[in-house]
**Student:** 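Here it is, the structure in full.
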Protein chains: 2
Amino acid sequence: MISSIAELISDRIGAMPAGERRAAQTLIANYPLTGLKTVAEFSAAAGVSSPTILRFVARLGFQNYPEFQSALQDELAAQLQSPASRTLNPGSAGGAVSPMLEATLDNMRETFRHLTDKQLADIAARLAERRGKTFLIGGRFTDPLARYMAAHLAIIQPDVYHLAGQESIWRDRLIDMGKRDVLVIFDIRRYQESLVRFAEKAHHRGVQIILFTDQWLSPIARFARHVIAGRTAVPSAWDSSAALFVVAETLIGAVTRQLEAAGAKRIRDLESLR
Amino acid sequence: MISSIAELISDRIGAMPAGERRAAQTLIANYPLTGLKTVAEFSAAAGVSSPTILRFVARLGFQNYPEFQSALQDELAAQLQSPASRTLNPGSAGGAVSPMLEATLDNMRETFRHLTDKQLADIAARLAERRGKTFLIGGRFTDPLARYMAAHLAIIQPDVYHLAGQESIWRDRLIDMGKRDVLVIFDIRRYQESLVRFAEKAHHRGVQIILFTDQWLSPIARFARHVIAGRTAVPSAWDSSAALFVVAETLIGAVTRQLEAAGAKRIRDLESLR
DNA sequence: GGAACGCTGTATCTTATGTTACGTATTTTG
DNA sequence: CAAAATACGTAACATAAGATACAGCGTTCC
């Protein structure tokens, strides 16, 4: 069975004319990058003419060059999204548990790889500056994450509200929301219409939205000031929210640190209470 | 110093108009693949128009779109050649994020290292066999985990209840609990007296208790049939529940798989509903 | 509340990319 | 060795890509 284009090439490279073989070797040499460039660049790199490149991809079974490039991109996408955790502790390997854990660890690394310090610091700063109120809400499976975050934030600062219950209930809370306020939304596939509607209305009221979503981006991203895209794919019937959970915890920690650094009175009061 | 385009983006994303910010977020969400596609595809993915994409890359300092793509390809080439550097975003290394993430990943590895497949399989089996009811409850910060687990389990099987609200409310639910029932409790430091009391009473009624706790073990461990001890230490003012969260997700997956394997009618009915 | 500014999308244009046709060179085969 | 078949490159073509001009709209700031 042939799964990757690289395999396909090495499978057929023997039956290729000289020019096309040069093309193949050039592509393999730094796979798959050469294939993502233009035909002209590819041909120049291989030292052959453009038509030879086209005949080469045709021989591989592709209808045209763009189709070939799409295939390469898909392959690359799959590769980038699951870096195939080689760095895993071998002690836990072997069982049925391991694939799940491995995927989760990969998801977290990937999620944070796309997340810079600055982004997180910006979001944390926005959450820490007490200009207005903070609202949190989530979807069917992610609402617990909103609760978790709210439970922590509500301790270190005032005016933190988790929006619970039925749609009509939190829709009425829109009245309280304005430009100075922040709305944290958790929404992963399958995206909930009620949340999108709510986000849109909040956005029109000038509320700044911080969105936790998956890599396919909830439609709410359209209205969001900040978007955190977490990886959710695991070998399970369900998607995993673990990466988003860790981002949430990281943010909670960052906000706490910022408030401490700012010498917030509330924090000192809290410590004296313990 | 800015070395990667991803960094460049997150550096300037704050100063971007809404449309371009959307483009930026879409690109970051699955970086760098979207940037390698055509302007039309990029714009479609981001839900904005082509000119917005072009203005976006112009703002990043590129003369034209091909130049932008070349830069992405160069970056990708460097990454593909040294996979080690790919593990973490160099931008976030050394920052405040990395220690938190590292600690969390370590916690998970450690947690699962002390957790055998058999333990998890036993617990999953206990949750999957539908002899009685399943109750879930958590403490101040861990109750969201109970909710999260309940939200999933309640779908694949009947008689799953999350115990919410005030102590008096769930204390009264004890009446419904018996030998055939399971109680899942989340309790980490500082352990809540109310939960301990509740666990003790449930235990005396013959309820089987599955406890999620930290490595120092909640006093409830005394009454529990199964104990899952997760690592919680992170460089933050708060403890991390992330490891427990992942165990919960793993269990949810395992229970689902067992029910599927058993050919549970409910699972088939569910699938026909979708 | 009005005016200026800036952002965004539609439509048009231009560029350059992929594609194809054809003639020459090279190899293969009888 | 000759003839056929195949491979390859040059050059012209059509298409689709990126770029630009402009008008409408929302936002902000007097």
**Student:** Step by step, would you call A:Lys133 with A:Met177 a side-chain contact (heavy atoms from CB on, under 4.5 Å)?
**Tutor:** CA-CA 8 Å; A:Lys133 300 179 282 293; A:Met177 303 187 191; 5.9 Å; no
**Student:** Is it true that the side chains of A:His114 and A:Arg231 contain a donor and an acceptor less than 3.5 Å apart?
**Tutor:** yes
**Student:** Aromatic ring centroids of B:Phe141 and B:Trp238 under 6.0 Å?
**Tutor:** yes
**Student:** What's the closest nucleotide to the A:Val48 side chain, out of D:dC8, C:dG18, D:dG9?
**Tutor:** D:dG9
**Student:** What is the distance, to the nearest angstrom, from the CD atom on A:Gln63 to the P atom on C:dT20?
**Tutor:** 10 Å
**Student:** Which residue lies toward the 5' end of DNA chain C, A:Arg222 or A:Lys37, if each is placed at its nearest nucleotide?
**Tutor:** A:Arg222
**Student:** Whole angstrom is fine here: how far is it from CD in A:Glu20 over to C1' in D:dG9?
**Tutor:** 13 Å
**Student:** Using heavy-atom distances to pick each residue's nearest nucleotide on DNA chain D, tell me which of B:Leu54 and A:Pro51 is more 5'.
**Tutor:** A:Pro51
**Student:** Is A:Arg173 positioned over the aromatic face of A:Tyr161, cation under 6.0 angstrom from the ring centre and no more than 45 degrees off axis?
**Tutor:** yes
**Student:** 5'-most contact on DNA chain D: B:Pro66 or B:Arg55, nearest heavy atom basis?
**Tutor:** B:Pro66
**Student:** Counting only side-chain nitrogens and oxygens, does B:Ser49 get under 4.0 Å of the OP1 or OP2 atom of C:dT10?
**Tutor:** no
**Student:** Starting the side chain at C-beta, find the nucleotide from C:dT19, C:dT8, C:dG18 nearest to A:Val39.
**Tutor:** C:dG18
**Student:** Respond yes when some side-chain nitrogen or oxygen of B:Ser50 is under 4.0 Å from OP1 or OP2 of D:dG18, and no when none is.
**Tutor:** no
